[in-house]
Peer 1: 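Encoded as structure tokens, here's the structure I'll be asking about.
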Amino acid sequence: MSFARLAVRRTRHPTRNAGWQQRQFYLHVYPRETHYEVEDEPNVAIRKFTPCGRYIVTFSRSPGVHFVHVYRLRSGYRQTEEYPQTLWKHFFKIHFSCQVCRGAQIALNKDFCLFTADARYLLVASTVPSAAPPEDDSEVISSIRTIEDITIYVIDMETGEVCGEHKFEADSISLAHNAGIYLRGSMLAVFSSYRQTIHLFHIRDGGELHKLQTIGSSCFPDDAMYLAHTRAAGPAQRVPAAALAAPTSLAQILERPAPVPEVREIPSEHCIPGIKHRLLAFLWRRARAATTGQKAQLRYFHNHFEEYRALCIWKMQLLDDHHIMLKYGSVKYIESRTSDSMGILAFFVVYNFITTEIINVYENNSQELLQAYESYAEFFFEDRTAKSHESGHTGTFAPMQLTLPSNSYNAREGFRKQLYAARTARNGGQDQSIRRNLSELPVAPQNYRESPYFDVELFSYDEKHISHAERLKHCSDFPVKFYSRAHGRVVFRVPTAKKVPVRGPKRLASFLFHPWLPFVITIQHVIHPQQHHSSHTNIHVW
């Protein structure tokens, strides 16, 4: 009996507890059979399933010409005894192949892949080393040496055509794990760590990228135009601010027929650009408004003014259609790993980019922010939870919601155990434990897998070898075990290799779970010291 028929039988008569029954259903239906070393055709790098689960996105490995191949998961597949050379065609059928770019030096970034809320459009990016010389500008981060020309493409998932693109010349944008690009609904935010600028785009119904505004050296979309008119008018004639009315809502920004032309001028060394000025002014006003220890706080602000001024943006996240979260820290750690900068003082800034007001500033050892994240974690993943309802899913089961500390008892207990372990560890403490748990903020929701088998209310597993975050893990010598929360016994295993090697090169594993089917793809990456890296694909089905 196929999984679809069994699911229909299980949910033919829905009850008041249909949601809980759906979750319990996966305790009895899980991957049982493994096909080892499946050969994909053509030779592609498998990336991820679409939110609706109907397609899987892959990237070509051929140099020079870069394609995006999208395959459709065949319906009603059954267990088979076919050879590994033909198994890929047994499970998948080509939907379209799209040539994105071509060139000897151009590289299609295989870590970056985003979907709109309705899964209609796919976003990918290409990079090429920039030929432009380094800029002598006080606004750029000169310590960043990797400068590239980055192009973002919008691909229609129905027709397979590139319907929109935008190029960032001589820039640095973190594409790994979607760290520098955030997509919420139809709004796209691109963070340039080199220029300390956030570009906001709107993805129109046809897939075109419409520039909304730029946040960084200016706050309002027409700040550059106002400064240009003011300088052109001279000291005797100033253009009043009311003549160039700034937008007061996102709707007014979207109604603009074309983006406002940017007028870039190199500020002097003593000029503090837009959003940095907002941050410093907020910190000064907060110190001045303190009811206790006002003089001490003002003295502390003035003593550390140069440190505040030298802060730069590390990461960002769109919280809703009006607010954005920015993480500020030392420029020394802007390209460091999260673990390296975990013990460094940083600031989380909640900024309203419509009214250009800073709502609040939290340090990364803030108990208030930690409690808010634990109690309202769904707010930071709001776009991810909404995608399960807007992705056009037509299957029997809808994708599962992420289990977070705010909606899951076991996730909350795991969150508190991490706090306790960091607090009692060597060189730990209260501040260090809070910084460690808040190091995940700002989050990229599309980097987290939606699968019922990552529901911590149903299963427990070793997060050293597998987790709901899209990260490469060290390959275990033994299959990854999923335990039932109900009785504590092993429910199923996911092996990554057919044989257990005694000794050999370093091995990493990646896991691709279908959003709602008992269908898993594991890819084992073997890193040879002096040879090309090799990979082995396994498919696990019910």
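Only this structure's heavy atoms are used, side chains among them; waters, hydrogens and symmetry mates stay out.
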Peer 1: Please name the residue in the list F511, F513, F91 that meets the ring pair (Phe, Tyr, Trp, His ring centres under 6.0 Å) test with F519.
Peer 2: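 Answer to the ring pair (Phe, Tyr, Trp, His ring centres under 6.0 Å) test with F519 among F511, F513, F91: F91.
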Peer 1: Should we say atom CZ of R471 is surrounded by more than 12 heavy atoms from elsewhere, each under 6.0 Å from it?
Peer 2: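 Counting neighbours around CZ of R471, more than 12 heavy atoms of other residues, nucleotides or ligands fall under 6.0 Å, so yes.
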Peer 1: Hey, what's the ring geometry for Y71 with H69, parallel, tilted or perpendicular (30° and 60° as the breaks)?
Peer 2: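 Tilted, since the angle between the ring planes falls between 30° and 60°.
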Peer 1: Indicate yes or no: at least one non-hydrogen side-chain atom of I203 is less than 4.5 angstrom from one of L123.
Peer 2: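 In contact.
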Peer 1: Does the ring center of Y448 lie less than 6.0 Å from the ring center of F381?
Peer 2: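 Centroid distance Y448-F381: below 6.0 Å, so yes.
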Peer 1: Evaluate S126 against Y153 for side-chain contact (heavy atoms from CB on, under 4.5 Å), listing each step before the verdict.
Peer 2: CA-CA 8 Å; S126 66; Y153 305 90; 3.1 Å; yes
Peer 1: Verify the ring-centre separation between Y362 and F347: is it less than 6.0 angstrom?
Peer 2: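 Aromatic pair excluded; centres sit 6.0 Å or further apart.
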Peer 1: State, yes or no, whether a side-chain contact exists between L200 and L188 at a heavy-atom distance under 4.5 Å.
Peer 2: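 SC-SC contact between L200 and L188 ruled out.
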Peer 1: Quick check, are the ring centers of Y308 and F301 under 6.0 angstrom apart?
Peer 2: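 Here the rings of F301 and Y308 have centres that are less than 6.0 Å from each other.
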Peer 1: Any chance the side chains of H210 and R204 put a donor and an acceptor closer than 3.5 Å?
Peer 2: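 Side chains of H210 and R204: pair found under 3.5 Å.
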Peer 1: Without hydrogens or angle criteria, can the side chains of N407 and E378 be said to hold a donor-acceptor pair below 3.5 Å?
Peer 2: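 A donor-acceptor contact under 3.5 Å links the two side chains.
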Peer 1: Can you see which heavy atom on Q105 is nearest to which on P129, and at what distance?
Peer 2: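 So the minimum-distance heavy-atom pair works out to O-CD, 3.9 Å.
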Peer 1: Measure the shortest side-chain to side-chain distance between P442 and M316 over non-hydrogen atoms and say whether it is less than 4.5 angstrom.
Peer 2: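 They are not in side-chain contact.
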Peer 1: Are K48 and F115 close enough that some pair of their side-chain heavy atoms sits under 4.5 Å apart?
Peer 2: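 Touching, per the 4.5 Å side-chain cut-off.
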Peer 1: Just by distance, no angles: are the side chains of N109 and T127 close enough, under 3.5 Å, to form a donor-acceptor pair?
Peer 2: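 T127 and N109 do not have a side-chain donor-acceptor pair below 3.5 Å.
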Peer 1: Check C101 against I106 and note the closest heavy-atom contact, atom names and distance.
Peer 2: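 Closest approach of C101 to I106, heavy atoms only: SG-CG2, 3.6 Å.
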Peer 1: When the ring centroid of F168 is compared with that of H199, is the distance short of 6.0 Å?
Peer 2: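 That pair passes the under 6.0 Å test.
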Peer 1: Please name all residues satisfying side chain to side chain contact (heavy atoms under 4.5 Å, CB included) with N352, sequence neighbours left out, ordered by chain then number.
Peer 2: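 Once residues adjacent in sequence are excluded, the partners of N352 under the side chain to side chain contact (heavy atoms under 4.5 Å, CB included) criterion are H322, H323, I354, T355, I359.
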Peer 1: Between the side chain of R47 and the main-chain N/O of F59, is any donor-acceptor distance below 3.5 Å?
Peer 2: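 No.
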Peer 1: Is a side-chain N or O of R449 found less than 3.5 angstrom from the main chain of S467, in a donor-acceptor match?
Peer 2: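 Yes: the side chain of R449 pairs with the backbone of S467.
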Peer 1: Under a 3.5 Å threshold, yes or no: a donor from one side chain and an acceptor from the other, between H525 and S535?
Peer 2: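 Note: H525 and S535 side chains miss the donor-acceptor criterion.
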Peer 1: Verify the neighbour count for atom CZ of F305: are there more than 12 heavy atoms of other residues, nucleotides or ligands below 6.0 Å?
Peer 2: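 Correct, the count exceeds 12.
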Peer 1: Quick check on the 6.0 Å ring-centre criterion: do F380 and Y373 meet it?
Peer 2: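 Distance test on ring centres: under 6.0 Å, yes.
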Peer 1: Taking T197 for its side chain and R195 for its backbone only, find out whether a donor-acceptor pair lies under 3.5 Å.
Peer 2: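 Answer holds: yes.
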Peer 1: Verify side-chain contact (heavy atoms from CB on, under 4.5 Å) between I181 and L175, making sure each step is shown before the conclusion.
Peer 2: CA-CA 7 Å; I181 300 180; L175 299 176; 3.5 Å; yes
Peer 1: Please check if the side chain of E165 supplies one atom and the backbone of T151 the other of a donor-acceptor pair under 3.5 Å.
Peer 2: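 Checking the backbone N and O of T151 against the side chain of E165, no donor-acceptor pair under 3.5 Å is found.
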Peer 1: Checking R54 against H95: is there a side-chain donor and acceptor pair closer than 3.5 Å?
Peer 2: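 No, R54 and H95 have no side-chain donor paired with an acceptor closer than 3.5 Å.
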Peer 1: So does H277 have more than 12 non-hydrogen atoms from other groups sitting under 6.0 Å from NE2?
Peer 2: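 Open: at most 12 neighbouring heavy atoms sit under 6.0 Å from NE2 of H277.
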